[in-house]
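When a ligand or atom number is given, it counts from 1 through the structure's own listing order. None of the values given here were measured: they were computed from a predicted structure.
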Amino acid sequence: MPVHDQSETIIAISTPPGRGGISVVRTSGPSARALVSRCLKTQSLSLERYPRKAILADFHDTAGAVIDRTLVTFFPEPASYTGQDVVEISCHGSVPVTTGIVRTLIDLGMRLATPGEFTLRAFLNGKLDLSQAEAVRDLINSRTEYQARQAREQLDGALSRRIEPLRGELVRIISQMETALEFVEDDVSPEGREALIEALGAVESALTDLESGFHFGRLLQEGAAVTIVGRPNAGKSSLFNALLRDERAIVTEIPGTTRDALRETINLAGIPAHLVDTAGIRESDDRLEAAGMEKSLEYIKRSDVVCFVVDGSEPFCEDDRRVWEAIEGRPVVIAVNKSDLECRAQLPDEVASAAIQVVRLSALFGTHVDQLRESLAGVLNRDRPGEQDSVVVSNLRQQDCLRRARAHLIEGREAWRRGLSEEFALYDLRKSLDAIGEVTGATDVEDILDVIFSTFCIGK
Ligand SMILES: Nc1nc2c(ncn2[C@@H]2O[C@H](COP(=O)(O)OP(=O)(O)OP(=O)(O)O)[C@@H](O)[C@H]2O)c(=O)[nH]1
Ligand SMILES: [Mg+2]
């Protein structure tokens, strides 16, 4: 992470751009209070005297004209979001007003904040660790209630609380090895060796647990790909519309209606699901149709779950088998459609048994569509952690740190198990510790030194 200069005072409009009842302009830095005070012009009004209190005041531009009547709040350092002096200006939500305020303060010496710079300063000043800073971003980006809750929990330190004990334990193990290395007479006994291997095993399995939640975390963050496939006329577009509760896709009785894939996002039990309606798959000489089918196959490959639509009013045919071959091996829920008509489809045993669930429904009448929705949500929620164990590692960076931490830990443990010198094991374990520390942005050298020296006898 580049070390940013915090001596500059930054400014940004913190609310969404455009018209609104209220907008908030936020500033942070050593001259925040002085520069804003100059624009308020009221000598008697000292922000310093009323910290954390909203003060009603006219905000003037550099020529002395009033831009707006505002509410100004001063948060003195260090008890502010960034850990620096912060001044927030609530004004009317109009573009000329907000830009006027920002321009005035820039003229007086502030500079526009870069994206995330307030939170970066909060991190640099120890207000948040890295995983919490990422949670701020995730909370802002959340689209479902469940995503927001996960982000709030991470912001509250849920991931940090899971990581810290692991880091502490690894620091303890490393310190013990370092001591053995420094002082030959303290060589680790065979029982001690076993105990350390066991302790490393416990850290490893905790890392594995955290990492295994990543698949779910990614679904939560980026959304899941749910692809509706089937032969032409099976009712894919009708089902797509039923799931969306909207007449989005064209439905006709002509096979081959859908040519290009359509994509819309729905909420499946808190997970944003990117639902794709695809062109029907069948043997065809039509170039346009073939191009559509190519796309369908591409979408299948990228799906987290496939919804295979079978026309229940007709026997399972060659084209259905062709579809099945394209999706075999992926998580599949089968929708046997047109349940309002006489059932003629008999799913082959190997197809029925490979599906996670088979739901008979009518896309046309909406019968049992909710059951399909639940079934798809169930597949996506398979890796959802339990309520009391709700830490979800959702971003690639965190997952990468955990993966590296675990790989180094295993190597270190193996070196130790094989009876190689402590130096070999230590090399890997320190790398593992670094990687764990990266999740929260914690540094580790001081930690190790502290533990080592605190376990020393006086005089040694
Ligand atoms: N009776 C009945 N007809 C249905 C049902 N679902 C769809 N259909 C009809 O089946 C025909 C094909 O529906 P579509 O949704 O366009 O089928 P599709 O799978 O998207 O077809 P292509 O886009 O051509 O691949 C239409 O005439 C629909 O009205 C159902 O549940 N019951
Ligand atoms: Mg269609």
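- Which parts of ligand 1 touch Pro255 is read off a 4.0 Å heavy-atom cut-off, strictly below it: atoms 24 (O).
- At least one heavy atom of Ile254 sits less than 4.0 Å from an atom of ligand 1.
- Every atom of ligand 1 is numbered from 1 in the order shown, and the set under 4.0 Å from a heavy atom of Thr252 is 11 (C), 12 (C), 13 (O), 16 (O), 26 (C), 27 (O).
- Using a 4.0 angstrom heavy-atom cutoff, Gly230 does not count as in contact with ligand 1.
- Under the 3.5 Å distance criterion, the side-chain polar atoms of Arg373 are matched with a main-chain donor or acceptor of Leu243.
- Ion pairing between a basic and an acidic side chain is recognised when a charged N comes within 4.0 Å of a carboxylate O; Arg167 and Asp434 show no such pairing.
- Each of the atoms 1 (N), 2 (C), 30 (C), 31 (O), 32 (N) of ligand 1 lies under 4.0 Å from some heavy atom of Asp340.
- Given atom 4 (C) of ligand 1, the protein heavy atom at minimum distance is Lys338 CE, 3.7 Å.
- Between Arg397 and Asp400, no side-chain nitrogen of the basic residue sits less than 4.0 Å from a carboxylate oxygen of the acidic one, so the salt-bridge criterion is not met.
- An N or O contact shorter than 3.5 Å is missing between Leu361 and ligand 1 by distance.
- On a distance-only criterion, Thr278 and ligand 1 share no N/O pair closer than 3.5 Å.
- Between Ala363 and ligand 1, a contact under 3.5 Å exists for at least one N or O pair.
- Glu264 has a carboxylate O that lies under 4.0 Å from a charged side-chain N of Arg248, or vice versa, which qualifies the two as a salt bridge.
- Salt-bridge annotation for Glu350 and Arg321: present, with a side-chain N of the basic residue lying under 4.0 Å from a carboxylate O of the acidic one.
- Note on Ser237: counted as a metal contact of the Mg ion (ligand 2), an N/O/S atom lying under 2.8 Å.
- Polar contact with ligand 1: present for Asn233 (N/O pair, distance under 3.5 Å).
- Ranking the protein heavy atoms by distance from atom 30 (C) of ligand 1 puts Leu364 CB, 3.3 Å first.
- Ion pairing between Glu414 and Arg418 fails under the 4.0 Å rule for side-chain N and carboxylate O.
- For atom 6 (N) of ligand 1, the closest non-hydrogen atom on the protein side is Asn337 ND2, 3.1 Å.
- The atoms of ligand 1 that sit less than 4.0 Å from any heavy atom of Glu253 are 27 (O).
- Note on Thr258: counted as a metal contact of the Mg ion (ligand 2), an N/O/S atom lying under 2.8 Å.
- Of all the atoms in ligand 1, the ones that sit under 4.0 Å from a non-hydrogen atom of Leu341 are 1 (N).
- Looking only at distances, no side-chain donor or acceptor of Thr278 sits under 3.5 Å from a matching main-chain atom of Ser296.
- Under a 4.0 Å N-O distance rule, the pair Glu77/Lys127 does not qualify as a salt bridge.
- For ligand 1 and Gly280, the ligand atoms under 4.0 Å from any heavy atom of the residue are 25 (O).
- Of all protein heavy atoms, the one lying nearest to atom 13 (O) of ligand 1 is Ser238 OG, 3.5 Å.
- Under the 4.0 Å criterion applied to side-chain N and carboxylate O atoms, Arg103 and Asp61 are not assigned as salt-bridge partners.
- To the nearest 0.5 angstrom, Leu159 atom CG is 12.0 Å from Asp156 atom CG.
- A salt bridge between Glu411 and Lys431 is absent, with no side-chain N of the basic residue lying under 4.0 Å from a carboxylate O of the acidic one.
- At under 3.5 Å, not a single nitrogen or oxygen of Phe365, backbone or side chain, sits near a nitrogen or oxygen of ligand 1.
- Close approach to Lys236 involves these atoms of ligand 1, each under 4.0 Å from a residue heavy atom: 15 (O), 17 (O), 18 (P), 19 (O), 20 (O), 21 (O), 22 (P), 25 (O).
- Side-chain atoms of Thr104 come within 3.5 Å of backbone atoms of Gly100 as a donor-acceptor pair (strictly under, hydrogens ignored).
- When every heavy atom of Gly312 is checked against every heavy atom of Val336, the shortest pair comes out as CA-CG1, 3.7 Å.
- Ranking the protein heavy atoms by distance from atom 28 (C) of ligand 1 puts Val251 CG1, 3.6 Å first.
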